[in-house]
Amino acid sequence: MADLYTLPAKGAEFTTFCGGNLGGEHETCLAVAEIPGATGAYILHDDKPEGVGRELRATAAELDAFVRGWAALRGLAF
């Protein structure tokens, strides 16, 4: 796969997951979107004012491994 950070994000549609909103509406949220035209490539960002313009890009396999590991570390089950 190409360098994920060279792929344009224009048109990305984000889904936001929030947890608590202790700092105000949308300040404790993470958002994820598939990079348009790049199957299995994603952008993540947070909604904190300090995080504006910063993002993390990952493949579906990388995100899957993270989610599984995070859930195991936290003792979460679905």
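Note: hydrogens, waters and symmetry copies are ignored here, and every other heavy atom, side chains too, is used. Predicted, not measured: the structure shown is a model, and the values here were computed from it.
With contacts defined as side-chain heavy-atom distances shorter than 4.5 Å, the pair F14/H45 qualifies. Side chains of Y42 and L56 form no contact here, defined as non-hydrogen atoms less than 4.5 Å apart. Under the 4.5 Å side-chain criterion, counting only non-hydrogen atoms from C-beta, L63 is in contact with L44.
Judged by distance alone, with hydrogens and angles left aside, the side-chain atoms of E13 form no donor-acceptor pair with the main-chain N or O of A33 at under 3.5 Å. Distance alone, capped at 3.5 Å, is enough to place a donor-acceptor pair between the Y5 side chain and the R57 backbone.
Listed here is the closest heavy atom pair of P8 and I35: O-CG2, 3.5 Å. The shortest heavy-atom contact between G51 and D46 is CA-OD1, 3.6 Å. The nearest pair of heavy atoms linking A12 to P36 is N-CG, 3.6 Å. What you find for T16 and C29 is that their closest heavy atoms are CG2-CB, 3.4 Å.
The CD atom of E34 sits 5.5 Å away from atom OG1 of T39, with the distance rounded to the nearest 0.5 Å.
No path of Ile, Leu, Val, Met, Phe, Trp and Tyr side chains, each step under 4.5 Å between heavy atoms, connects L30 with L4, placing them in separate hydrophobic clusters.
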